Amino acid sequence: MWYFTPYILLPLATAVLAMVAILQAWPYRRLPVAQAFLGMMFATIWWSLCNALELTNATVDGKTFLTSIQYVSVAGVPVLWLLFALFYTNRDHWVSRQVVLGLAGWQGVLLLGAWTNHWHRLMWSSAELVYTANGLWVLTGSNGPLWYIGVASAYSMVLIGTIVMIDQARRSRALYRAQALSLLIGAVLPWAASILFVTGRSPIPYIDTTPVAFALSGIAFSVAMQRFRALDMVPAAREMIVDQMPDAIIVVDMQDRVIDQNPAAQALLAAPSHAIGRSLAEVAPLWLVEQARDRYEGQFEVVQPRPDGDLTYDMRCTALRDRRGLPRGRIVVLRDITLLKQAALALQEAKEAAEAANQAKSTFLATMSHELRTPLTAILGYSEFIREDLHKRDQHDLAADLDRVILAGRHLLA
């Protein structure tokens, strides 16, 4: 027997909200974190539609059947939520094949228990149909031990996911606080809705608002995805990239207050553990403050004086702008180029030494050429003069020896 109740509008609206969240996340579907999110939203839609059908049914068998198939989502959503939280916080090394199969297997046992409850009564020990003052046919009864085990396991998975999300939000940099807040709102909503329903304190009696909370969580996550680009660069991934960079990165706002830094920058600051929120002039050495002052765009070479030798940095300043193009701060990136400068200086010195050696060689050759040419000219001149004189005297045997001297001299001169 079926009947209409306006209460079905709530789960139907929930399904629409979950579909909106799916559309927002669909462009990221190749990412594991988005796949877990999409799975959670599809499960929320199934949960909501089954809930809507269960509300409009007025038979014990019908409500029991719809509740049992609804358990596909009841068992699946906590697992998907946990996977989403682990992927988002970059703890995907926890998500091994064995872990996924173990979670799926355990939730499968609970799902099988819900489907076969009429044999063992371990999920629900009794069930009866009650007509409430609100005009609803409600299936009531006592819960069995398997139901409490299922609630405990679901709450455990959601709790672990929430803890890692809170830990990620606590460690998030200032640039990611708004993103983390959106995700935390999404994490808390299912807890609040489920606890209120299980304890009978739901603002809408007899209606399970847990899928509504998961759908609203999906909307909160969608806001994080679209407005704060949560899946373009999650904070955990940012930490792996930026925190491991050897370049010092300092982000300051328009008042020159430090709002972000990486470990390489902490080594340059005077108060690295308390730098966030304080003026750059308070926590940075004087040489850095003077070099970075009023520089918003460009590349500069700066020197850090040190007793054991100066360090040279390549400093790049980039302005941070909002969507309207207005400046909101700047990023200062310092790269240590001391070794590069030393290598360039050594190369320049080697080049100058080579040029000096080449000049010395040229000078030597020019000098030698001049010093050899002068006496050779005299040798050749007098040898030719003597040879002519010997020819006139018919002393040709001596002239042959002079020909050898003249030939060798001309060869040396050439």
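Numbers for residues simply follow the sequence, beginning at 1. Quantities reported herein were computed from a predicted structural model and do not represent experimental measurements. Scope of the values below: all heavy atoms of this structure, side chains included, with no hydrogens, waters or symmetry mates.
- When all heavy atoms are compared, the tightest approach of Y7 to P11 is O-CD, 3.0 Å.
- Put simply, the side chain of W81 reaches to within 4.5 Å of the side chain of T162, judged on heavy atoms.
- Between A15 and L49, the shortest heavy-atom contact is CB-CD2, 4.2 Å.
- Rounded to the nearest 0.5 Å, atoms OG1 (T67) and CE (M123) are 11.0 Å apart.
- Contact between T5 and L55 at its shortest, heavy atoms only, is CG2-O, 3.9 Å.
- Within the 4.5 Å cutoff, the side chain of Q359 has heavy atoms near those of the T363 side chain.
- Between V74 and V77 there is no side-chain heavy-atom pair separated by less than 4.5 Å.
- Here R121 pairs with nothing under the side-chain hydrogen bond (donor to acceptor under 3.5 Å, both in side chains) rule; sequence neighbours left out.
- Of all heavy-atom pairs between W115 and V72, the closest is CZ2-CG2, 3.8 Å.
- Residues meeting the side-chain hydrogen bond (donor to acceptor under 3.5 Å, both in side chains) test with K361, sequence neighbours left out: N358.
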query = Going through the checks in order, is the side-chain contact (heavy atoms from CB on, under 4.5 Å) test met by L159 and I163?
reply = CA-CA 6 Å; L159 177 62; I163 289 175; 3.9 Å; yes
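- The minimum heavy-atom distance between A265 and I249, with the atom names listed, is CB-O, 3.4 Å.
- In F4, the CZ atom is crowded: over 12 heavy atoms of neighbouring residues, nucleotides or ligands sit closer than 6.0 Å.
- Evaluation of the ring-ring contact (aromatic ring centres under 6.0 Å, His included) test over residues 341-361, restricted to residues two or more places apart or in two chains, returns none.
- Shown here are the side-chain hydrogen bond (donor to acceptor under 3.5 Å, both in side chains) partners of H118, two or more places apart in sequence or in another chain: there are none.
- With contacts defined as side-chain heavy-atom distances shorter than 4.5 Å, the pair V33/L86 does not qualify.
- Using a 4.5 Å heavy-atom cutoff, the side chains of M157 and I160 are not in contact.
- Using cut-offs of 30° and 60° for the angle between ring planes, the Y71 and W124 rings count as perpendicular.
- Distance OG/S383 to CG/L407: 11.5 Å, rounded to 0.5 Å.
- Between F84 and L80, every side-chain heavy-atom pair lies at or beyond the 4.5 Å cut-off.
- The CH2 atom of W137 lies 11.5 Å from the CG atom of N57; values are rounded to the nearest 0.5 Å.
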key: Pair N143-Y148, side-chain contact (heavy atoms from CB on, under 4.5 Å): steps then yes or no   = CA-CA 7 Å; N143 299 315; Y148 289 102; 4.0 Å; yes
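- A distance of 12.5 Å separates CD1 of I8 from OG of S48, quoted to the nearest 0.5 Å.
- Remark: F300 CZ is packed, more than 12 non-hydrogen atoms of other residues, nucleotides or ligands lying under 6.0 Å away.
- No more than 12 heavy-atom neighbours from other residues, nucleotides or ligands sit within 6.0 angstrom of CH2 on W119.
- Taking the side chain as every heavy atom from C-beta outward, V258 and R278 never approach each other to under 4.5 Å.
- Between T56 atom OG1 and K63 atom NZ the span is 7.5 Å, to the nearest 0.5 Å.
- When every heavy atom of L380 is checked against every heavy atom of I406, the shortest pair comes out as CD2-O, 3.4 Å.
- Remark: W46 engages no residue in a ring pair (Phe, Tyr, Trp, His ring centres under 6.0 Å) (not counting sequence neighbours).
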Listed pairs under 3.5 Å, donor-acceptor, residues 331-345 side chains, sequence neighbours left out:
unit_1, atom_1, unit_2, atom_2, d
R335, NE, D247, OD1, 3.2
R335, NE, D247, OD2, 3.2
R335, NH2, D247, OD2, 2.9
D336, OD1, T338, N, 2.9
D336, OD1, T338, OG1, 2.7
T338, OG1, T312, N, 2.9
T338, OG1, T312, O, 3.4
K341, NZ, E301, OE2, 3.3

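- Residue F385 places its CZ atom among 12 or fewer non-hydrogen atoms of other residues, nucleotides or ligands, all under 6.0 Å distant.
- The closest side-chain heavy-atom distance from L38 to W26 is below 4.5 Å.
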task = Assess whether side-chain contact (heavy atoms from CB on, under 4.5 Å) is satisfied between F87 and V95, documenting all intermediate values.
result = CA-CA 8 Å; F87 281 127; V95 188; 3.9 Å; yes
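- Annotation for R316: atom CZ does not count as buried by contact number, only 12 or fewer foreign heavy atoms lying within 6.0 Å.
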task = Step by step, work out the side-chain contact (heavy atoms from CB on, under 4.5 Å) result for V303 and W287.
result = CA-CA 8 Å; V303 177; W287 66 270; over 6 Å; no
